[in-house]
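Quick note: residue numbers are just sequence positions, from 1.
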Amino acid sequence: QVQLVESGGGLVQAGGSLRLSCAASGRTFGNYAMGWFRQTPGKEREFVATITWDGGSTYYADSVSGRFTISRDNAKNRGYLQMNSLKPEDTAVYYCAAGRWSYDYKVDKKYDYWGQGTRVTVSS
């Protein structure tokens with residue numbers, strides 16, 4: 001079992017930056033791929049980024065590529081999402097997720113564990 005808790009959300013102006021953190025409990029966090037998803041009211045959860053268990057590979061949604069960076073520190077049981085050049089359309093609740101690696105990493109059902117989410121609001 002892995003429990004995930006996100007933090008770092010908040011209100012930021014367009015063009016600004018935020019760093020989201022995902023704190024994991026359980027000794028096996030390092031065995032799992034980690035992903036970030038986001039969701040706005042009335043819409044399905046949207047893939048943002050994912051990172052393999054060892055941090056060796058990362059993948060991004062086209063909408064955030066070049067602006068967001070996913071990383072992890074398995075020794076600290078933590079994952080991160082650095083978000084730069086934020087846009088109003090990045091406004092959403094952001095969720096951290098963990099699961100066995102799959103090339104279907106954009107599919108939320110491929111992840112077994114989820115945090116409760118942290119809200120990000122980008123003002124124009």
Side-chain angles (χ1 to χ4, degrees):
Q1 287 284 341
V2 178
Q3 293 182 329
L4 304 171
V5 179
E6 302 94 335
S7 61
L11 174 64
V12 63
Q13 289 188 332
S17 298
L18 281 175
R19 189 193 195 201
L20 305 185
S21 293
C22 176
S25 63
R27 294 179 294 175
T28 58
F29 174 68
N31 292 340
Y32 295 97
M34 184 190 74
W36 287 93
F37 286 74
R38 64 187 182 187
Q39 190 170 25
T40 54
K43 293 188 177 181
E44 293 186 354
R45 202 152 42 186
E46 174 191 20
F47 168 76
V48 175
T50 194
I51 186 168
T52 52
W53 68 272
D54 61 351
S57 296
T58 57
Y59 301 88
Y60 297 91
D62 289 343
S63 58
V64 307
S65 182
R67 299 188 297 122
F68 291 11
T69 302
I70 188 172
S71 62
R72 66 189 299 162
D73 185 339
N74 287 341
K76 295 183 179 179
N77 276 356
R78 281 191 177 268
Y80 306 96
L81 185 68
Q82 177 68 43
M83 305 186 297
N84 298 329
S85 303
L86 282 161
K87 304 175 181 179
E89 51 263 44
D90 294 319
T91 295
V93 176
Y94 283 72
Y95 296 91
C96 171
R100 297 294 182 185
W101 171 253
S102 168
Y103 282 102
D104 291 328
Y105 51 79
K106 295 183 179 180
V107 178
D108 58 357
K109 291 180 175 60
K110 293 296 184 179
Y111 297 81
D112 300 310
Y113 307 106
W114 291 85
Q116 83 291 345
T118 184
R119 185 174 301 275
V120 172
T121 303
V122 184
S123 64
S124 57

Less than 4.5 Å apart, any side-chain heavy atom of [X] and any of [Y]?
| X | Y | value |
| --- | --- | --- |
| Tyr94 | Arg119 | no |
| Thr50 | Tyr59 | yes |
| Arg19 | Tyr80 | yes |
| Thr40 | Thr91 | no |
| Phe29 | Met34 | yes |
| Cys22 | Trp36 | yes |

For Phe37, all residues meeting ring pair (Phe, Tyr, Trp, His ring centres under 6.0 Å), sequence neighbours excluded: Phe47, Tyr111, Trp114

Quick check: closest heavy atoms across [X] and [Y], and the distance to 0.1 Å?
| X | Y | result |
| --- | --- | --- |
| Leu81 | Ala49 | CD1-CB, 4.3 Å |
| Thr118 | Gly8 | OG1-N, 4.2 Å |
| Gly9 | Val120 | CA-CG2, 4.1 Å |
| Ser85 | Arg67 | O-NH1, 2.9 Å |
| Gln82 | Ser17 | NE2-CB, 4.0 Å |
| Ser124 | Ala14 | CA-CB, 4.3 Å |

Option from Leu20, Asp90, Val48, Val122 for which side chain to side chain contact (heavy atoms under 4.5 Å, CB included) with Met83 holds: Leu20

More than 12 heavy atoms from other groups under 6.0 Å of CD on Gln3: no

Trp101 atom CH2, neighbour heavy-atom count above 12 within 6.0 Å: yes

Row check, Tyr32 ring normal vs Arg72 NZ/CZ: under 6.0 Å, within 45°: no

Ring-face cation of Arg45 near Tyr95 (centre distance under 6.0 Å, axis angle within 45°): yes

Centroid-centroid distance, Phe68 to Tyr60, less than 6.0 Å: no

Atom pair SG (Cys96) and CD1 (Ile70), whose distance is rounded to the nearest 0.5 Å: 8.0 Å

Value rounded to 0.5 Å, distance of CG in Asn31 from CZ in Arg100: 6.0 Å

Side chain to side chain contact (heavy atoms under 4.5 Å, CB included) evaluation trace for Val2 with Thr28: CA-CA 7 Å; Val2 178; Thr28 58; 3.9 Å; yes

From CA spacing to verdict: side chain to side chain contact (heavy atoms under 4.5 Å, CB included), Asp108, Glu44: CA-CA 10 Å; Asp108 58 357; Glu44 293 186 354; over 6 Å; no

Backbone of Glu46 reached by a side-chain donor or acceptor of Arg38 within 3.5 Å: no

Exam field: side chain Thr52 to backbone Ser57, donor-acceptor pair closer than 3.5 Å: yes

ILVMFWY cluster, Tyr113 and Tyr105 together (side-chain gap under 4.5 Å): no

